[in-house]
Amino acid sequence: MITIQELQKLDKELRENRSKRILICFCVDSSASMARSGAIERVRVGLDRFFDKISKDTLAHDAANVCVILFSDEPELVCDYGPLESTMAQLRAHPIRAVGAQTMLAAGVNMALDRLTHCQQELAAVNNNTYVPWLILISDGDSSEPPEVVNAVAAKVQAMLRAGRLKTKCMDVGDGSRNLRPFTLDGHVDKISNMDVMLDFFEMLSRSVSATSKAVMENGGPDIGGKY
């Protein structure tokens with residue numbers, strides 16, 4: 001449970017840090033198959049590299065707000081949006097792991113959307129704003145939930161994509177996840193058969209955040225494009 005001191009620290013950071021925020025949510029499958037394939041370890045290493053690089057860039061350090069959510073038998077909020085040091089400390093204290101039997105994709109995305117809305121409301125309350133946020137989905141298989149449950153959440157994401165209120169990137173790191181396609185506008189899902197490519201993605205993402213944080217003109221957020 002978050003303490004009063006932590007809430008006070010967050011409130012102070014929100015008011016004093018006037019950098020336009022780059023919101024990124026990593027929503028990661030943590031079912032046991034992700035451990036067997038080595039994918040969860042690559043995600044952990046990739047996140048470590050990502051945070052290490054942006055923490056050393058003064059502008060990116062102040063602009064980046066990152067949330068990490070795992071989904072397996074149930075969604076788990078590993079670290080919420082907030083000061084970079086707090087996010088990194090939470091990840092060190094609670095390293096991501098894959099142990100679940102199920103893949104509750106819709107539940108994970110619902111939590112991601114809830115946390116995004118909450119963060120945007122907090123920033124709006126202190127007259128701060130953000131680039132179009134990114135939701136990055138990483139999974140190695142289909143959801144365990146009924147199709148209608150997944151489709152309902154995907155419809156929410158599609159509405160946000162069409163309205164320009166969200167951008168997504170979906171990465172399939174296993175035998176195939178058909179459920180990721182509805183969370184994109186064009187149906188493209190990056191198939192990551194070589195796990196080193198995933199590490200390259202995190203490297204590219206850190207560079208994009210650094211470049212965007214330096215930009216004078218607004219450009220809609222970091223370009224996490226490129227197809228693998």
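Under a hydrophobic clustering in which Ile, Leu, Val, Met, Phe, Trp and Tyr are joined whenever their side-chain heavy atoms come within less than 4.5 Å, directly or via other members, F183 and M160 fall into the same cluster. When hydrophobic clusters are built by joining Ile, Leu, Val, Met, Phe, Trp and Tyr residues whose side-chain heavy atoms come closer than 4.5 Å, directly or via intermediates, L185 is grouped together with L113. M104 and L180 sit in two unconnected hydrophobic clusters of ILVMFWY residues. Membership requires side-chain heavy atoms under 4.5 Å apart, directly or through other members. Taken together through direct or relayed side-chain contacts under 4.5 Å among Ile, Leu, Val, Met, Phe, Trp and Tyr, V43 and L77 form parts of separate hydrophobic clusters.
Taking CD1 from I136 and OG1 from T168, the interatomic distance works out to 9.5 Å, rounded to the nearest 0.5 Å. Between the OG atom in S208 and the CD atom in E203 there is a gap of 11.5 Å [rounded to 0.5 Å]. The OH atom of Y131 lies 6.0 Å from the CD1 atom of I22; values are rounded to the nearest 0.5 Å. In this structure, N179 CG and D172 CG are separated by 10.5 Å, a value rounded to the nearest 0.5 Å.
Remark: side-chain polar atoms of N151 are paired, donor with acceptor, to backbone N or O of P147 under 3.5 angstrom. Side-chain atoms of S143 come within 3.5 Å of backbone atoms of T103 as a donor-acceptor pair (strictly under, hydrogens ignored). Judged purely by atom type and a 3.5 angstrom limit, T184 uses its side chain to pair as donor or acceptor with the backbone of R181. Judged by distance alone, with hydrogens and angles left aside, the side-chain atoms of N65 form no donor-acceptor pair with the main-chain N or O of R21 at under 3.5 Å. Using a distance-only test at 3.5 Å, with no hydrogens or angles considered, a donor-acceptor pair links the side chain of S210 to the main chain of S206.
A107 and E145 get closest at one heavy-atom pair: N-OE2, 3.0 Å. Among all heavy-atom pairs drawn from F71 and G108, the shortest one is CB-CA, 3.9 Å. The nearest pair of heavy atoms linking H188 to D190 is NE2-OD1, 2.9 Å. Considering every non-hydrogen atom in both V150 and A106, the closest pair reads CA-CB, 4.1 Å. When all heavy atoms of I192 and M198 are compared, the closest pair comes out as CG2-N, 4.0 Å. When all heavy atoms of K167 and V132 are compared, the closest pair comes out as CG-CG1, 3.8 Å.
Applying the side-chain contact (heavy atoms from CB on, under 4.5 Å) test between V78 and each of L70, I69, V28 identifies L70 as the sole match. Under the side-chain contact (heavy atoms from CB on, under 4.5 Å) rule, L105 has a single partner from V149, D29, L137, V153, which is L137.
Checked for salt-bridge contact, D57 and K53 miss the test: no charged N lies under 4.0 Å from a carboxylate O. Ionic pairing of E41 and R97 is not present here: no N-O contact between side-chain nitrogen and carboxylate oxygen is shorter than 4.0 angstrom.
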- [ ] In sequence, state the C-alpha distance, the side-chain angles, and the governing distance for F202 and F26, and then conclude on ring pair (Phe, Tyr, Trp, His ring centres under 6.0 Å).
- [x] CA-CA 11 Å; F202 283 101; F26 295 97; 5.6 Å; yes
TODO: Might you work through the side-chain hydrogen bond (donor to acceptor under 3.5 Å, both in side chains) test for H61 and E85, ending with a clear yes or no?
DONE: CA-CA 9 Å; H61 172 280; E85 288 81 6; 2.5 Å; yes
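Side-chain N/O atoms of Q121 and T117 include no donor and acceptor closer than 3.5 Å. Counted by atom type alone, E122 and H118 present one or more donor-acceptor pairs between their side chains at under 3.5 Å.
A centroid separation of 6.0 Å or more is found between the aromatic rings of F50 and F201.
By the 6.0 Å contact criterion, CD on E74 is open, its count of non-hydrogen atoms from other residues, nucleotides or ligands being 12 or less.
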